[in-house]
> 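Supplied in structure tokens, the structure appears directly below.
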Amino acid sequence: MKQRGSKKATQFTESVIREMTRLAQDFDAVNLSQGFPDFATHQVLKDAACAAIQGDINQYPITWGAENFRQAIAMDFSRRYGARVDESQVTVCCGSTEAMLSTLLAVLDPGDEVVIFEPYYENYGPDSIISGAVPRFVRLREPDWSFDLGELEAAFNNRTRAIIINTPNNPTGKVFTVSELEAIAKLCLKWDVLAITDEIYEHIIYDGHKHVPMATIHGMADRTVTINGLSKTFSVTGWRVGWAIAPTDLANPIRKMHDFLTVGAPSPLQEAGVAALSMPASYYTEMAAGYARRRALMCDILERNGFRFERPMGAYYVMTDIAHFGFQSDIEFATYLVKEVGVAVVPGSSFFNDRSAGRQKVRFVYSKRDETLLEADKRLAKLAARVAR
Ligand SMILES: Cc1ncc(COP(=O)(O)O)c(C=O)c1O
């Protein structure tokens with residue numbers, strides 16, 4: 001009998017993160033696995049989405065995005081970072097997830113290599129397999145999740161077409177510094193390589209750290225694709241609205257891939273996206289302050305319950321070390337936690353190509369209401385009691 005699934009489909013497993021969310025539901029566990037807020041988005045966004053639907057903006061949008069939304073995206077990026085970007089460079093997609101895949105499909109050919117820092121957001125592995133590329137992994141190491149320049153240099157060669165950078169970073173909370181970005185840029189220029197940067201946590205950043213887009217680093221404007229979206233900044237992960245900002249000559253191939261993958265992102269929600277991007281500066285300050293508060297609460301809870309970790313500089317995850325709890329693996333620990341303690345987390349190995357590097361780690365998410373985090377705290381006492389025995 002012929003093989004029925006494709007070879008590609010056999011090369012990666014189902015998303016572990018989304019599997020943990022399903023287990024959380026089955027065991028009525030507090031879900032600290034998948035990165036979505038359990039609190040409401042801003043009323044301005046809800047009203048704008050409802051008004052767009054009532055106003056009959058319900059048909060296919062322009063494939064690459066409604067013109068006013070693309071203009072708003074280009075203006076926001078230009079104003080914030082002093083870069084000169086216009087709407088012809090923007091492709092609006094079904095979430096930054098699709099923006100990343102459309103971009104990789106648009107720039108990679110089978111056999112090309114793509115450099116990925118690990119631990120990484122789990123989609124990048126399957127994304128590169130789907131686009132036929134060969135991923136080359138470079139390790140980020142604690143305590144500050146920095147990379148070894150020699151290791152990075154060794155990952156580049158004539159087959160390298162792109163490097164994926166996610167800053168602020170999921171799952172580590174790392175924020176890449178200007179000097180790190182400059183070192184990466186130097187290699188991109190040397191090897192004629194594109195940088196594809198996932199900046200979806202751009203506004204969720206702590207302790208005075210600054211987000212610097214790779215596109216603003218000297219020499220990188222015409223070799224960077226910047227990916228972002230509404231999901232995290234505006235707490236609307238279910239809307240599926242994201243975008244890619246690309247050099248003009250790459251916008252067209254990205255738009256073609258996007259067109260044949262999905263045709264377009266939801267038209268009324270793009271309209272609401274225009275309202276989102278016109279929120280005053282205070283919205284961003286308050287949102288970031290809310291996350292700083294949740295980070296403090298999460299870190300307190302983790303400390304109280306015996307976890308070891310580095311405080312995140314950005315995004316809304318904590319990667320913790322669990323070696324001292326005495327479990328064989330991250331999977332055994334996460335399974336115990338969801339079934340017996342009632343808290344769902346993500347096993348660390350799912351963020352590493354070299355699974356062994358994550359065997360004694362799990363990731364917590366804290367984009368949650370205080371009540372949710374405090375309920376997890378209460379339940380985690382059971383873990384502390386088991387360890388004390
Ligand atoms: C680094 C990173 N990129 C992209 C996404 C998905 O974003 P979107 O909802 O825009 O597809 C996530 C979600 O957790 C993420 O952590």
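Both ligands and their constituent atoms are indexed starting at 1 by order of listing.
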> Name the one of H209, E310, E180 that satisfies side-chain hydrogen bond (donor to acceptor under 3.5 Å, both in side chains) with K174?
E180

> Relative to the ring of F117, is the ring of F147 parallel (under 30°), tilted (30 to 60°) or perpendicular (over 60°)?
tilted

> Is there a nitrogen or oxygen of T237 sitting under 3.5 Å from a nitrogen or oxygen of ligand 1?
no

> Counting C-beta onward and ignoring hydrogens, is there a side-chain heavy-atom pair between Y366 and L32 closer than 4.5 Å?
no

> Tell me whether R359 forms a cation-pi arrangement with F333, defined as NZ or CZ under 6.0 Å from the six-membered ring centre and within 45 degrees of its axis.
no

> Any side-chain donor-acceptor pair under 3.5 Å between Q360 and D321?
no

> Just by distance, with hydrogens left out, do Y291 and Y201 show a side-chain donor and acceptor under 3.5 Å apart?
no

> Please write down residue, atom name and distance for the protein heavy atom closest to atom 11 (O) of ligand 1.
T97 OG1, 2.5 Å

> Please determine if N170 has a nitrogen or oxygen closer than 3.5 Å to a nitrogen or oxygen of ligand 1.
yes

> Please check if any side-chain donor atom of S15 sits under 3.5 Å from a side-chain acceptor atom of E122, or the reverse.
yes

> For the residue pair Y81 and H211, categorise the inter-ring angle as parallel (less than 30°), tilted (30 to 60°) or perpendicular (more than 60°).
perpendicular

> Answer yes or no for R139 and F352: cation-pi contact, defined as NZ/CZ to six-membered ring centre under 6.0 Å and angle to ring axis within 45°.
no

> Indicate, as side chain, backbone, both or neither, the part of Y317 found under 4.0 angstrom from ligand 1 when only non-hydrogen atoms are considered.
side chain

> Tell me, please: is R240 in heavy-atom contact with ligand 1, that is, under 4.0 Å?
yes

> Identify the closest protein heavy atom to atom 10 (O) of ligand 1: which residue and atom is it, and at what distance?
S96 N, 2.7 Å

> Write out the residue and atom name of the closest protein heavy atom to atom 3 (N) of ligand 1, then the distance separating them to 0.1 Å.
D198 OD2, 2.6 Å

> What residue and heavy atom of the protein are closest to atom 15 (C) of ligand 1, and at what distance?
Y201 OH, 3.5 Å

> When you measure from atom 13 (C) of ligand 1 to every protein heavy atom, which one gives the shortest distance, and what is it?
K232 NZ, 2.8 Å

> Find all atoms of ligand 1 within a distance of less than 4.0 Å from any non-hydrogen atom belonging to G95, and give their numbers and elements.
10 (O), 11 (O)

> So is G242 in contact with ligand 1, going by heavy-atom distances below 4.0 Å?
no

> For N166, counting its heavy atoms only, list the atoms of ligand 1 lying under 4.0 Å from any of them.
1 (C)

> So is S231 in contact with ligand 1, going by heavy-atom distances below 4.0 Å?
yes

